[in-house]
Amino acid sequence: MDEPQAACQSMLEQRFGSFDQRLGTLEKDVAVIKSNYATREDLMKTENRLIKWFVATSTALAAAAITAAITTIRMVS
């Protein structure tokens with residue numbers, strides 16, 4: 001290998017030597033990000049749980065309000 005080619009090779013190795021390492025790190029980071037994604041199914045399950053919780057809480061609060069109103073009416077009468 002002549003001197004200009006060696007210099008060019010050295011420059012390329014210097015410039016792109018850490019490229020493989022950085023690319024490997026990036027691939028690992030992307031794999032971690034993908035593994036932590038919420039799927040559409042996960043979101044639907046969470047949404048259903050929240051809706052059920054909201055309906056149950058609203059029903060309980062309505063029952064408590066009606067009970068309080070009936071008790072108040074009976075006490076006043």
Side-chain angles (χ1 to χ4, degrees):
M1 188 179 292
D2 62 347
E3 194 171 315
Q5 282 183 331
C8 184
Q9 183 73 22
S10 174
M11 184 181 72
L12 286 174
E13 287 176 2
Q14 182 182 15
R15 230 171 142 185
F16 296 107
S18 66
F19 182 74
D20 287 335
Q21 180 183 2
R22 290 180 14 211
L23 183 61
T25 303
L26 181 62
E27 287 173 342
K28 288 178 188 175
D29 290 346
V30 169
V32 168
I33 291 169
K34 280 186 170 183
S35 71
N36 291 325
Y37 273 166
T39 63
R40 187 177 301 257
E41 183 180 335
D42 294 336
L43 293 175
M44 292 302 294
K45 286 179 183 178
T46 302
E47 181 182 16
N48 287 338
R49 267 190 268 145
L50 287 171
I51 290 171
K52 288 176 186 177
W53 180 86
F54 178 75
V55 169
T57 302
S58 299
T59 303
L61 289 173
I66 291 170
T67 301
I70 290 172
T71 303
T72 304
I73 290 171
R74 285 186 180 162
M75 291 178 83
V76 172
S77 299

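Here Asp29 contributes atom CG and Lys34 contributes atom NZ; the two are 13.0 Å apart, rounded to the nearest 0.5 Å. Rounding to the nearest 0.5 angstrom, the gap separating the NZ atom in Lys28 from the CD1 atom in Ile33 is 14.5 Å. In this structure, CZ on Arg40 lies 11.5 Å from CG on Asp42, to the nearest 0.5 angstrom.
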Side-chain polar contacts of residues 50-61 - donor-acceptor pairs under 3.5 angstrom, sequence neighbours left out - could you list them?
from  : atom 1 : to    : atom 2 : distance (Å)
Thr57 : OG1    : Trp53 : O      : 2.8
Ser58 : OG     : Phe54 : O      : 2.8
Thr59 : OG1    : Val55 : O      : 2.8

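Hydrophobic side-chain contacts under 4.5 Å tie Ile66 into a cluster, directly or through other members, with Ile70. The hydrophobic cluster analysis finds Val32 isolated: no Ile, Leu, Val, Met, Phe, Trp or Tyr side chain comes under 4.5 Å of it, directly or through other members.
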